[in-house]
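Below, all heavy atoms of this structure are taken into account, side chains as well, without hydrogens, waters or symmetry copies. A note on names: the letters A, B, ... follow the listed sequences, proteins ahead of strands, and every chain is numbered from 1.
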Amino acid sequence: MEEWLLFLRGPVFRLAIVIFILGLGRELFLAVYGVVSAYRKANDRDLPWKQMITGALSWLIPAKRLFTSNRKAHGFLTFMMHVGVILVPVFLLDHILLWENGLGIRWPAIPQYLADVVTLLTILVVAGLIISRAFSKTARPLSKAQDYLLLILLFFIFGSGFIASKPWNPISYEASMIIHTLAGNALLISAPFTKLAHIAVYPIKMFSVELAWKFPSRAGEEVALTLDGKEVRPT
Amino acid sequence: MDQQTAKKAVEEKEKMAPQEIEKKKEYSYYLDSQPKGDLVSRFLEAFAAILQHSNYRFAIDMMSKVTTHCGRCPTECSVYQVTGEGRDIPCNRSDLLLDVYRRHFTLNGWLRAKIFGQGGITEEEIDRIAEDYYRCTACRRCYLFCPMGVDHGLVTHLGRWVLAEAGIVPKALAVATREQIDGMTGNTSAIPVPALSDTLEFLEEELEEMFGLPIKFPVDVEGAEYVFFPAVSDYMLEADTLMGNAAVMHATGGSWTIGTYDYDGINYGLFYGDYVMGRILRMQHEQVRKLGGKKVFVGECGHATRSAWLGANFNEGPVLPVVNCMEYAHEQLVKGNLKLKPDVVNEKITYHDPCNIARSGKIVSQPRELIKSFCKNFVEMTPNGKKNYCCGGGGGTVSLDEIHKFRMMIGGKKKAEQMRDTGAEYVIAPCANCKKQVEELIQFHELPMQKTGLHDQMLRAIVIDK
């Protein structure tokens, strides 16, 4: 079991993080490239910059947005989930020590009791999101496999991480860590290929819609020429 | 469908060969013409051409990756709130087109299809897009509430353009646009210039009777600052709105004119295709330039204003500013040039926000400040402003009389409830399309109120002393 753990923590994790970084980097590059080429093709480049930035920021700190719409409970759950998913993996001391061992870099950690509380909360809200999705009249018909699988992975990542070093852990430390690293690596690998790609493209998305309404001047004529061989045709 | 039309449909069907009958497309709305050839190939070719030449690709690429399927959008959609049907969930509807994009235009989608043996788009799926994309009014309310900022109105707009290039266009929209672009009169209501002149002459007589002095509709005046583009149907149906426009311009000394080359602000291209939208906007700019005008001056119409805002996309040269007549009136009110009596309009009034000018937040406070300057009995709908509900006739659906029942019982039901809840005697609906839909809602739901325009009411309260 220890060899498996070393394998999952070592080569598999390194592969997963490379796929995560390169994959999301590719998504970010494609998004930026898309925005720049659309901006260059657009005839009218007057964008409502202030509105776009405030709109995007209002979702980053979404207290008002998430809690004032028709799905308030869902808004709360998803906000707390994001807090947990960002705070714990990045600022947990155990994770920071791994980075220090591997790359010699270190940053401040959150206190262990806070990490435990946030982890427990995250487990509960993730469970809540799975139930909410399964029973929601509006979310259930939309849900695809990845919508459930990503949440299930998160549940196992946080659950196994939480119980790993607890004295009352019903399974061994190594077994918890195997589940933790296996699920964690799976999440990292899946990120560029699933909706987790929003990690990279979220900053760009604020440009995408406003820019999409800025058309190349002769797009219609070019389409007509391509399809029917002439730029001007009877309506 | 009325009896005469049904009889004609049967006669047409009897003349067709069996294989033609089998291929005939029928949707909730009448088609301008039957799509020709292999629909699937034509649809994909159209989609590919549009992606190649337009700016939509990167946006829908991003949307196809980041949609979270959280289920927030349907809870804010006025159509879904009534039907509760999966087909009316904005994300579900957008996925119909985004799935085509993923499957046919992305490496991931191609690989997935190869691995899992998925087929390509079918004609049944295209029929579903054709049906569902005209249930949506493209009001973009869902966009306000989507955490990923997915604009389902944009996807509807794109989907309808792809459909149009594949040969699927609602007859009502196509016929009107054909007259506007290729017809003798150059406008959607086929009003020739002599009829326009007669109408303006009549309105001038009415204004002189009302105010005791001549108030003119200037025609083809060169060098005027504002060149006027109302919804052309106003010339037939909204005399008070037009007289209100003229009265405001007279009272404020505005330099304006109507051009006889193009006097129609309507642009159904916003509803079914950028190709026709661009052609109409070029006509508009050409009219302004022919007269040496400075600004595109739009009537109260919401979609006419929004499409005019898009005019800079299709025209070369200096950008022509676009001013909606309500923005102009508000500016003049603030400057003190427009005076409105506060004690003439005493009825309880509410205000419907047209999606095309309110959703962006561009024209929300101005009409309210105007109303409050002459009416002490103003009541808001709930919700209002940017988040107001669509009238249920947006996206060109108000022109499809064959879906009247859908617009009354589903699309416009939330608006009817909003209007009833205000207890207002007048509902100001400052958009030509909204006016028609609101009027029909009032009649269908027997609401104890009347629809009116903002300039209609300003006409009652305006102070003109010279």
- Item | Heavy-atom donor-acceptor pair, A:Lys41 side chain to B:Ser54 backbone, under 3.5 Å | yes
- Go through the atoms of B:Gln81 and report whether side chain, backbone, both or neither lie under 4.5 Å from a heavy atom of chain A. side chain
- Check whether B:Asp95 gets within reach of chain A through its side chain, its backbone, both or neither, counting any heavy atom under 4.5 Å. side chain
- Message: Can you tell me which portion of B:Arg57 sits under 4.5 Å from chain A's heavy atoms? Options are side chain, backbone, both or neither.
- Response: neither
- Task: Take the angle between the ring planes of A:Trp107 and A:Trp99 and call it parallel below 30°, perpendicular above 60°, tilted in between.
- Result: tilted
- Item | Per-residue contact mode, B:Val276 against chain A (heavy atom under 4.5 angstrom) | side chain
- Distance (rounded to the nearest 0.5 Å) between B:Lys414 NZ and B:Cys77 SG: 10.5 Å
- Message: For a quick check under 3.5 Å, do B:Tyr275 and B:Glu165 share a side-chain donor-acceptor pair by atom type?
- Response: no
- Message: Using 0.5 Å steps for rounding, measure from the CE atom of A:Met52 to the CD atom of A:Glu210.
- Response: 6.0 Å
- Query: Which bit of B:Leu154 is near chain A, if near means a heavy-atom gap under 4.5 Å: side chain, backbone, both or neither?
  - Reply: both
- Query: chain A heavy atoms under 4.5 Å from B:Ile50: which part of the residue, side chain, backbone, both or neither?
  - Reply: both
- Message: Under a 4.5 Å cutoff for heavy-atom pairs, which residue among B:Lys65, B:Met277, B:Arg279, B:Gln180 has the most contacts with chain A?
- Response: B:Lys65
- Task: List the steps, then state whether salt bridge (charged side-chain N to carboxylate O under 4.0 Å, His left out) holds for B:Asp132 with B:Arg87.
- Result: CA-CA 7 Å; B:Asp132 290 356; B:Arg87 70 191 299 194; 2.8 Å; yes
- Is it the side chain or the backbone of B:Ser64 that comes within 4.5 Å of chain A heavy atoms, both, or neither? neither
- Item | A:Thr194 versus chain B, the contacting section by heavy-atom distance below 4.5 Å | backbone
- Please state whether the rings of A:Trp4 and A:Phe7 are parallel, tilted or perpendicular, taking 30° and 60° as the class boundaries. perpendicular
- Item | For B:Ile181 against B:Met283, the heavy-atom pair lying closest together | CA-SD, 4.2 Å
- Using a cut-off of under 4.5 Å for heavy-atom pairs, which of B:Glu45, B:Glu316, B:Gln52 has the most such pairs with chain A? B:Glu316
- Item | NZ/NE/NH1/NH2 to OD/OE distance under 4.0 Å, B:Asp38 and B:Arg42 | no
- Query: If you count heavy-atom pairs under 4.5 Å with chain A, which of B:Val150, B:Asp182, B:Asp32 comes out on top?
  - Reply: B:Asp182
- Message: Does anything in residues 140-155 of chain A reach chain B? List residues with heavy atoms under 4.5 Å apart, or say none.
- Response: A:Pro141, A:Leu142, A:Lys144, A:Asp147
- Message: Is it the case that the side chains of B:Asp61 and B:Tyr101 hold a donor-acceptor pair, with the cut-off being a distance below 3.5 Å and no angle test?
- Response: yes
- Are B:Arg306 and A:Trp213 in a cation-pi contact, defined as NZ or CZ under 6.0 Å from the six-membered ring centre and within 45° of the axis? yes
- Query: Can B:Asp274 and B:Tyr56 be counted as having a side-chain donor-acceptor contact under 3.5 angstrom?
  - Reply: yes
- Using atom types as modelled and distance alone, determine if a side-chain donor or acceptor of A:Asp44 lies under 3.5 Å from a backbone N or O of B:Ala312. no
- Between B:Ala164 and chain A, which part of the residue has a heavy atom less than 4.5 Å away: side chain, backbone, both or neither? neither
- Task: Could you walk me through whether A:Lys214 and A:Asp46 pass salt bridge (charged side-chain N to carboxylate O under 4.0 Å, His left out), step by step?
- Result: CA-CA 9 Å; A:Lys214 302 293 181 184; A:Asp46 181 24; 5.7 Å; no
- Query: Picking from B:Leu158, B:Ile89, B:Ile60, which has the most non-hydrogen pairs under 4.5 angstrom with chain A?
  - Reply: B:Ile89
- Correct closest heavy-atom pair for B:His69 and B:Cys91 would be CD2-SG, 3.8 Å
- Message: For residues 218-235 of chain A, give me every residue with a non-hydrogen atom less than 4.5 Å from any non-hydrogen atom of chain B.
- Response: A:Arg218, A:Ala219, A:Gly220, A:Glu221, A:Glu222, A:Val223, A:Ala224, A:Thr226, A:Leu227, A:Asp228, A:Glu231, A:Val232, A:Arg233, A:Pro234, A:Thr235
- B:Thr188 side, atom OG1; B:Ile266 side, atom CD1 - distance, nearest 0.5 Å: 3.5 Å
